[in-house]
Number of protein chains: 2
Amino acid sequence: MATIKDIAKQAGVSISTVSYALNGSPKVTPETTERILAIAKELNYIPNAAARSLKTRETKIIGIFLTDFSGAFYGDLLQGTKETLTRKGYELIVCSGKQSHWMLPERMIDGAIILDVTFDSEDLIRYADRGHKLVVLDRELAHPNINQVLLDNKAGATLATEYLIEEGHREIYAVTGPGSSYDSKQRLQAVMQVVERTAGVQLHVIEGDFNKEGGELAAKAIMAGRRDGQAAAAVFCFNDEMAIGMMNYIAEHHSDIQVGEHIHIIGFDNMELASYSQPRLSTIDYSKRKWGALAAEQLVKLINSDAVENERIYVTLLKGKSVGTSK
Amino acid sequence: MATIKDIAKQAGVSISTVSYALNGSPKVTPETTERILAIAKELNYIPNAAARSLKTRETKIIGIFLTDFSGAFYGDLLQGTKETLTRKGYELIVCSGKQSHWMLPERMIDGAIILDVTFDSEDLIRYADRGHKLVVLDRELAHPNINQVLLDNKAGATLATEYLIEEGHREIYAVTGPGSSYDSKQRLQAVMQVVERTAGVQLHVIEGDFNKEGGELAAKAIMAGRRDGQAAAAVFCFNDEMAIGMMNYIAEHHSDIQVGEHIHIIGFDNMELASYSQPRLSTIDYSKRKWGALAAEQLVKLINSDAVENERIYVTLLKGKSVGTSK
DNA sequence: TTGTAAGCGTTATCAA
DNA sequence: TTGATAACGCTTACAA
């Protein structure tokens, strides 16, 4: 393991000269620089990240913290984040689980993007208080060292609900995420707002979990409560995963019931899996790549102490055959 | 940012005593230790990872390098890896892209798991030569610092091919991965072996890319080459993603052709998406979680200089309705 | 049981 | 333009 010391010895210069040359400083003559670079290559010199960051107090690494690695959802988001960070000279690492949180306070990473409801807000604030820079994608958190890049949940939920109503549905089920989820709370609030200002609409709220099982359980509950001949039900699942779970459950246990005809389902996220559903799931779409890219951008600004404002990701309604008109 | 120096000053002891106390050394009396710990907490002391690893020459972090973050495939694998590493006291970070390779030589991570064909084998060998520990999941590489945990491609491909033959198919298409892929080469070799020892079987090889597009293109090529009334074709796509692409293409462009009846498709990987395909895709299954866990285990052994042997992940045939009997 | 001091591999501030 | 030298924050002989 050659160090700058070895290079210095070999080149007959001091370590500071080597350091300058290696970093392309104009203080060193081109000739010496070249000579030093040649020796460095010859000795297979590789800098030591720990030593560098001990001194510079930065690692040029950004961490993104996810609830799990399941990934069905995050692909494009990570891609967007990575692209932007690469352009800005940062590396991206993906972390998951409480054990990994130390990387932030111990300065293994220069900043973090949070998309993990299991990450305590109090911890985040503590880190921010210590000067660490954060971007949160899953909660509201007002702090000079924290920036928010949030989905426009209200718009999305409003679009979804209004769509169901426009199609003539009057009995609407909302399958939420876990109670602790910020996104879920926002969406539910918007749904209730829409329902309240529309006469004759009945809303049933079912607590879900953002997983397939939640969708299945909700499906079970809904089917159990319905009698033959009753008006078709319309269900707004607060994410696609639950919507898919619901569709699966229905296909499996109620072959006589057709989604988009006897029961109508709309999701949220437009994940890849949704495009394979039969019939095509109606959902709320937004650019995950852009979300990630914007988060990265904001984080870098925060690190550079540039001024930042909280940002919002806009959403659109994507109509699929899983929602039909009420007869 | 409190350091051990600050704690030492506050406690009226030397920094070495603080260090010993913090690391729970029995050399320090319980009373001093307690006092030091209290002060550390009071000062909000957090160790500095760079300083520690500069000295200890380890970070307790393992990196896994993936081709991309798309994740449709990796979820369980990462989960398995993470669980095992956590148990062994290591952190897992997920990396992608050539830019991130520096983390290994610059000692930001203690070792790496490679599942990324775009990672040059020469680079890997160079790193291994420098003493870095690696586990490869996607190639054969003989080196004392490299361990292999590979899929049993031959068994999988053999199972798949024999299944098609047993179902009476005599005209078999193999849609490979990119030519550079080790897995693809292994699978093709096995397919050819099976075909060679079975009389009357015709094999057509189509080069794919392991992506949906490859499956679509292959579907197009196959459909273009077939005339009405011809015996049903049987296709072995070397991964599920291409198989799904193929099924989609057929559903979209050839509504008269039924998968599992007029054309028979089997994949490889049993990815989640496959369980949603209509009809259910036949495929080769294996435990991705176990794969990841084993890779982690081997890497830790390598790091601890324990003896290791290359490992193999066993596979099984999973029959779905996408393959039917030849009429 | 505790303290002194060297060293890990850099960067960066001075002087020369 | 280059060289000494002092940090950076920690671990760990070795001394006391």
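Chain letters run A, B, ... following the sequence lines, proteins first and then strands; every chain starts at 1.
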Could you go through residues 93-104 of chain A and list every donor-acceptor pair under 3.5 Å that involves a side-chain atom there, pairing it with any protein atom two or more places apart or in another chain?
unit_1   : atom_1 : unit_2  : atom_2 : d
A:Ser96  : OG     : A:Leu66 : O      : 3.0
A:Ser96  : OG     : A:Thr67 : O      : 3.2
A:Gln99  : OE1    : B:Lys82 : NZ     : 3.3
A:Ser100 : OG     : A:Gly97 : O      : 2.6
A:Trp102 : NE1    : A:Gln99 : O      : 3.3
A:Trp102 : NE1    : B:Glu91 : OE1    : 3.3

If you look only at distance, which donor and acceptor atoms sit under 3.5 Å apart when one is on a side chain in residues 290-301 of chain A and the other is two or more places apart or in another chain?
unit_1   : atom_1 : unit_2   : atom_2 : d
A:Trp291 : NE1    : A:Val149 : O      : 2.9
A:Gln298 : NE2    : A:Asn147 : OD1    : 3.1
A:Gln298 : NE2    : A:Glu309 : O      : 2.8

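Heavy atoms of A:Thr32 sit under 4.0 angstrom from primed sugar atoms or phosphate atoms, though from no base atom. Backbone-only contact: A:Ile46 has heavy atoms under 4.0 Å from sugar-phosphate atoms and none from a base.
A:Asn23 has a side-chain polar atom (N or O) that falls below the 4.0 Å cut-off from OP1 or OP2 of C:dT11. Contact annotation: A:Tyr45 side-chain N/O to C:dT10 OP1/OP2 distance is under 4.0 Å. The side chain of A:Ser19 contributes an N or O atom lying less than 4.0 Å from OP1 or OP2 of C:dT11. Contact check, A:Arg57 against D:dG9: a side-chain N or O comes under 4.0 Å of OP1 or OP2.
Stacking of B:Lys41 on the aromatic ring of B:Tyr45 is not recorded, the 6.0 Å distance cut-off and the 45° axial limit not both being met.
Following rounding to the nearest Å, B:Glu106 (CD) and C:dT11 (C1') show an atom-to-atom distance of 15 Å. Atoms CZ (A:Arg107) and C1' (D:dC10) sit 15 Å apart, rounded to a whole Å. Between B:Ile7 atom CD1 and C:dT2 atom C1' the separation is 16 Å, expressed in whole Å. The separation between B:Asn48 atom CG and C:dC8 atom C1' is 13 Å, rounded to whole Å. The interatomic distance linking A:Met108 (CE) with D:dC10 (C1') rounds to 13 Å, in whole Å. Rounded to whole Å, atom C1' of C:dC14 lies 10 Å from atom NZ of A:Lys27.
Taking the charged nitrogens against the carboxylate oxygens, B:Arg126 and B:Asp129 have no contact shorter than 4.0 Å, which rules out a salt bridge.
The OG atom of A:Ser184 sits 10.5 Å away from the CG atom of A:Asp209 when rounded to the nearest 0.5 Å. Between A:Leu151 atom CG and A:Tyr314 atom OH the span is 12.0 Å, to the nearest 0.5 Å.
One N or O donor and one acceptor, one from the side chain of A:Lys55 and one from the base of D:dA7, sit under 3.5 Å apart. One N or O donor and one acceptor, one from the side chain of A:Tyr20 and one from the base of C:dT13, sit under 3.5 Å apart.
Listed in residue order, the members of residues 9-17 of chain B having a heavy atom less than 4.0 Å from DNA chain D are B:Ile15, B:Ser16.
The backbone N or O of A:Asp116 sits less than 3.5 Å from a side-chain atom of A:Asp138, completing a donor-acceptor pair.
Two residues, B:Thr29 and B:Leu54, neighbour DNA chain C, and the one matched to the more 5' nucleotide by heavy-atom proximity is B:Thr29.
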